[in-house]
Amino acid sequence: EEFLVEISGTTVTITCPLAEDGIKWDITGARGESRESKYIIENHNSNPVDVSCSSGSRKFQMYLKARVCTNCEELDTLAVAGVITADLLITLGVLILVYYFSKHRKGKAGASAGSRPRGQKMQRPPPVPNPDYEPIRKGQREVYAGLASRGF
């Protein structure tokens, strides 16, 4: 058996698990006689309180640490599920639109700042030979004969 706590705005309603009449409530030193099984705290200031309810020899205790606010809005599960579903659908729609429009632009060449016009790839001419590094020809081996390989 447990307490039932309901919070709405700054009002906290506590229901004692005892179903008998003549329930005595004790809330942090302020003793309140209530014959009902519900105890209502109006304008609760979010301070933690010790709550106990008793009837005869049976007693139940609870430590209540409830955060309340005056400008809070209560949302049910259906509203939260609807907001999440709508957000996912909108995100999926934007992704499909971006994909659709980017798919059609692939074939077109854009004139952006860093792009060059794409034409046929032309072959580059061979580099100009450097006379200091000419290849060895059959008749000119003696020019390079003085260059012996050195052992390192």
Side-chain angles (χ1 to χ4, degrees), residues 1-136 149-152:
E1 298 177 17
E2 296 180 345
F3 283 94
L4 176 65
V5 179
E6 299 172 23
I7 301 171
S8 178
T10 59
T11 303
V12 179
T13 305
I14 306 166
T15 304
C16 184
L18 297 171
E20 302 148 8
D21 290 335
I23 295 174
K24 294 182 182 179
W25 290 91
D26 185 22
I27 299 180
T28 48
R31 180 162 274 200
E33 286 272 339
S34 174
R35 299 285 178 200
E36 297 180 13
S37 62
K38 290 188 178 188
Y39 190 87
I40 299 172
I41 304 172
E42 297 282 341
N43 298 323
H44 183 60
N45 57 3
S46 298
N47 291 335
V49 292
D50 289 318
V51 177
S52 66
C53 67
S54 60
S55 175
S57 62
R58 297 181 67 191
K59 184 175 184 178
F60 288 93
Q61 293 180 332
M62 171 181 72
Y63 179 75
L64 177 68
K65 188 175 181 180
R67 304 267 306 168
V68 297
C69 61
T70 56
N71 298 328
C72 295
E73 290 291 328
E74 296 181 25
L75 291 177
D76 59 341
T77 309
L78 187 63
V80 173
V83 168
I84 292 172
T85 304
D87 182 38
L88 289 175
L89 288 175
I90 290 171
T91 304
L92 184 64
V94 169
L95 285 174
I96 290 172
L97 285 174
V98 168
Y99 174 75
Y100 177 75
F101 285 116
S102 68
K103 185 173 140 181
H104 291 295
R105 293 187 180 226
K106 281 185 183 176
K108 298 178 183 176
S112 61
S115 67
R116 295 181 298 201
R118 294 181 183 234
Q120 289 181 342
K121 287 191 175 183
M122 299 173 56
Q123 289 184 344
R124 294 183 181 176
V128 177
N130 189 340
D132 294 334
Y133 299 102
E134 289 186 18
I136 298 175
S149 63
R150 300 179 197 166
F152 289 102

Euclidean distance, K24 NZ relative to S55 OG, rounded to 0.5 Å: 9.0 Å
Where A66 and I7 come nearest, the two heavy atoms and their spacing: CB-CD1, 3.7 Å
Considering all heavy atoms, the nearest P48-Y63 contact: CB-OH, 3.0 Å
Exercise: identify the closest heavy-atom pair between V68 and H44: CG2-O, 3.1 Å
Gap between atom CZ of F60 and atom OG of S54 - 0.5 Å precision: 10.5 Å
Atom pair CG/CD1 of L95 and I90 - distance to nearest 0.5 Å: 12.5 Å
Inter-residue atom distance K59.NZ - I23.CD1, 0.5 Å rounding: 13.5 Å
Audit row: I14, W25, side chain to side chain contact (heavy atoms under 4.5 Å, CB included) steps and yes/no: CA-CA 10 Å; I14 306 166; W25 290 91; 3.9 Å; yes
C16 side, atom SG; L4 side, atom CG - distance, nearest 0.5 Å: 11.0 Å
L92 vs L88 side-chain heavy atoms within contact, under 4.5 Å: no
Any side-chain heavy-atom pair of F3 and P17 under 4.5 Å: yes
From CG (D50) to NZ (K65), nearest 0.5 Å: 12.5 Å
Closest contact, heavy atoms only, A81 versus T85: O-OG1, 2.8 Å
